[in-house]
Number of protein chains: 2
Amino acid sequence: MANIREIAKLAGVSVSTVSRVLNNHPYVNEKKRAEILKIIEEQNYVQNSNAVHLSTGKTMVIGVTLPLVNNQYYSSIIEGIAAEAAQHHYKLMVCQTNNNPEQERSILHLLKNKKIDGLIMCSRSSSCETLNEYAGYGPIITCEANDTTSVSSVHIDHYKTFLIGMEYLMKKGHRRIGYCIGRKNSFNSQHRKRAYYEKLRSIDVTPSPEWSFEECLTIQDGKDVVGKLLHTEERPTAMIVSCNHIAAGIIKEASRLGIRVPEDLAVVGCDDQPIGELLEITTVSSSSTLMGKYAFEMLHERIWRQQLDGKKEEKELTPELVERLTT
Amino acid sequence: MANIREIAKLAGVSVSTVSRVLNNHPYVNEKKRAEILKIIEEQNYVQNSNAVHLSTGKTMVIGVTLPLVNNQYYSSIIEGIAAEAAQHHYKLMVCQTNNNPEQERSILHLLKNKKIDGLIMCSRSSSCETLNEYAGYGPIITCEANDTTSVSSVHIDHYKTFLIGMEYLMKKGHRRIGYCIGRKNSFNSQHRKRAYYEKLRSIDVTPSPEWSFEECLTIQDGKDVVGKLLHTEERPTAMIVSCNHIAAGIIKEASRLGIRVPEDLAVVGCDDQPIGELLEITTVSSSSTLMGKYAFEMLHERIWRQQLDGKKEEKELTPELVERLTT
DNA sequence: GCTTGCTCTGAAAAGCGTTCCACATATTAT
DNA sequence: ATAATATGTGGAACGCTTTTCAGAGCAAGC
């Protein structure tokens with residue numbers, strides 16, 4: 001297929017002029033412009049975007065990492081990112097990390113070798129140092145709080161989320177409260193646990209280790225929780241759960257085993273997955289789609305500000321309680 | 001940051017030799033190779049992938065189109081694609097089309113301007129001609145049946161799916177059966193409707209227009225269906241529904257309005273979204289994750305076979321009935 | 001002793017578009 | 001009338017790597 005040089009030759013102009021036409025530069029004679037456009041059309045010419053990328057040093061692609069693609073929480077974030085990105089003519093490279101630091105590094109690498117202009121990490125498992133290192137190659141935004149010095153974030157205040165959930169359950173009279181979270185030591189989990197322990201301490205309850213469930217990632221994990229609850233000495237009367245789909249697993253399994261929700265077991269979910277609405281799960285959450293939107297905005301600004309010295313910025317989303325039928 | 005020329009200069013070799021090291025070409029003296037690798041390390045050098053892309057004419061990126069990002073059916077397909085793509089070192093560019101042909105065209109364009117090496121369309125709204133046109137620029141696979149001459153597909157046999165569902169409902173004694181589908185005139189919908197009408201005709205039932213619901217895309221749309229069913233003259237005793245999340249909407253709303261499922265209204269869903277399992281929805285489906293895997297395999301083969309004259313290929317997935325509690 | 005075939009290396013072309021700089025002409029301001 | 005600005009255009013450098021081709025050196029085979 002033709003390239004810009006050929007078009008220039010056919011039109012009897014220089015390559016620069018064709019380039020100007022292609023980029024809508026104003027200083028081109030209207031007659032020539034028309035002529036060139038005609039030839040471009042005839043030749044069915046389009047720019048080779050790799051040449052453009054090489055030349056401009058930008059790809060108009062941003063990367064998005066997430067542990068797994070098939071999860072509604074992350075899908076909602078991407079939805080927010082995608083809508084905003086589309087408006088600014090950015091494409092998305094979606095990369096599944098499986099929470100594996102190796103794989104994550106290979107994605108961070110895309111920043112270094114210029115395949116992407118910026119990166120949004122919906123979740124991360126890399127170390128602080130790794131993140132700081134790669135932040136030198138292009139802007140990175142995380143969609144969870146992070147403890148680096150250079151990487152900005154947009155995040156839900158998970159501490160506050162759990163706080164609101166706990167306070168609500170306690171107000172309802174619950175004292176034996178359990179929790180369910182995903183990755184044991186992630187930043188988010190630490191915050192959630194802090195709220196959990198603080199609140200229980202405030203009413204002088206010492207939580208039993210039997211009330212805590214970690215590494216809950218799938219619906220099945222939620223169901224398994226109920227099985228385990230059956231064998232606890234002092235069964236909790238309420239559970240606060242990091243994700244609605246896990247809450248859903250708990251609720252369905254409870255109902256199957258004849259444990260009444262909310263009478264025997266109250267459940268609070270902590271995100272905005274649609275299954276929460278469908279199953280009428282009481283939820284403390286903020287919009288993850290909105291989070292995605294903010295993340296892109298922040299990233300976009302940084303891509304154009306260019307100055308990588310830009311200070312760390314943090315945007316927090318405040319969660320809200322949505323009372324439904326599981327409490 | 002350093003480029004290959006600098007590395008060559010520092011190592012006192014030619015650019016070609018450095019390139020050979022970078023690409024693991026065997027004909028490089030081991031001593032030199034080690035030396036060059038050391039300098040690469042010291043200089044923190046990495047290839048500029050845009051230059052590599054330009055030079056090789058490949059990007060190792062494939063595009064994936066889907067109408068909306070936040071939908072579990074599509075997420076499952078992507079999951080399958082992603083896993084397979086990762087194994088072959090391909091990255092994914094995920095593009096939301098909103099079922100808008102304009103937007104879809106802009107993605108097909110990526111094939112023409114070499115931003116992607118191939119394209120998987122989970123769903124498409126472009127015309128046959130458009131597809132055929134762009135198929136000339138790189139391999140395209142659709143994840144639904146298509147009527148083009150050059151675009152291969154991996155697809156679920158939706159005709160058979162509806163057939164199985166209808167037969168099953170009829171065996172259970174239902175005669176007044178309604179349906180719920182997404183886009184009215186999509187290829188998939190046409191097949192579904194054909195099965196629906198054929199089966200009803202086979203038992204001499206003339207379906208009422210009141211039993212058919214089109215443009216059902218969201219959970220809310222499912223709920224709305226129930227509201228409308230209330231006002232039908234002859235209410236159907238069963239519904240066959242293209243997607244489980246819509247079936248879920250129907251079921252929840254029915255239960256809210258005191259319509260018993262399955263006694264008053266039986267519901268069959270027709271995909272493998274996890275909500276089907278969670279809500280114990282009887283389902284006819286095949287694995288969409290598997291479909292994604294096949295789609296990538298097919299695409300990958302075509303990318304390497306290069307010959308765009310390759311004949312059209314079609315792979316069909318056979319659906320299976322999973323009996324659960326909504327029938 | 002001469003041919004053949006490896007191994008190893010470098011120069012140069014090819015892949016393609018953007019952009020800076022210099023220069024020319026035309027127009028407006030002083 | 002002169003200076004200053006705006007408009008229009010081309011040449012060449014720049015971004016960076018891969019790959020082909022030609023050639024050198026050396027060992028094995030006849």
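Protein chains get the first letters and strands the later ones, always in sequence-line order, with residue 1 at the start of each.
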With respect to the side chain of [X], which nucleotide from [options] is positioned closest?
{"X": "B/Arg20", "options": "C/dC21, C/dG10, D/dC16", "value": "C/dG10"}
{"X": "A/Asn3", "options": "D/dC16, C/dG17, D/dT18", "value": "C/dG17"}
{"X": "B/Val52", "options": "D/dT17, C/dT9, D/dG8", "value": "D/dT17"}

Review point. Salt bridge (charged side-chain N to carboxylate O under 4.0 Å, His left out) between A/Lys38 and A/Glu41: does it pass, once the steps are laid out?
Key: CA-CA 5 Å; A/Lys38 201 181 112 227; A/Glu41 178 83 9; over 6 Å; no

Review point. Which residues pass the side-chain hydrogen bond (donor to acceptor under 3.5 Å, both in side chains) test with B/Asn23, sequence neighbours left out?
Key: B/Ser19

Point to revise | Modelled atom types, side-chain donor and acceptor of A/Asn146 and A/Glu144, under 3.5 Å | key: no

Exercise for review: Measure up the B/His300 and B/Phe296 rings against each other and bin them: parallel (under 30°), tilted (30 to 60°), perpendicular (over 60°).
Suggested key: parallel

Check your understanding: B/Leu54 or B/Ser19: which one's nearest nucleotide on DNA chain D is closer to the 5' end?
Key -> B/Leu54

Practice item. For A/Lys114 and for A/Glu30, find the nucleotide of DNA chain D with the closest heavy atom, then tell me which residue's nucleotide is more 5'. Key: A/Glu30

Taking only the side-chain nitrogens and oxygens of [X], find out if one of them lies under 4.0 Å from OP1 or OP2 of [N].
{"X": "B/Asn23", "N": "D/dT18", "result": "yes"}
{"X": "A/Lys32", "N": "D/dG8", "result": "no"}
{"X": "A/Tyr27", "N": "D/dT7", "result": "yes"}

With a 3.5 Å cut-off and sequence neighbours excluded, list the donor-acceptor pairs that the side chains of residues 1-8 of chain B form with protein atoms.
| residue | atom | partner | partner atom | Å |
| --- | --- | --- | --- | --- |
| B/Asn3 | OD1 | B/Arg5 | N | 3.1 |
| B/Asn3 | OD1 | B/Glu6 | N | 3.1 |

Check your understanding: In residues 7-18 of chain A, which residues come under 4.0 Å of DNA chain C by heavy atom?
Key -> A/Val15, A/Ser16

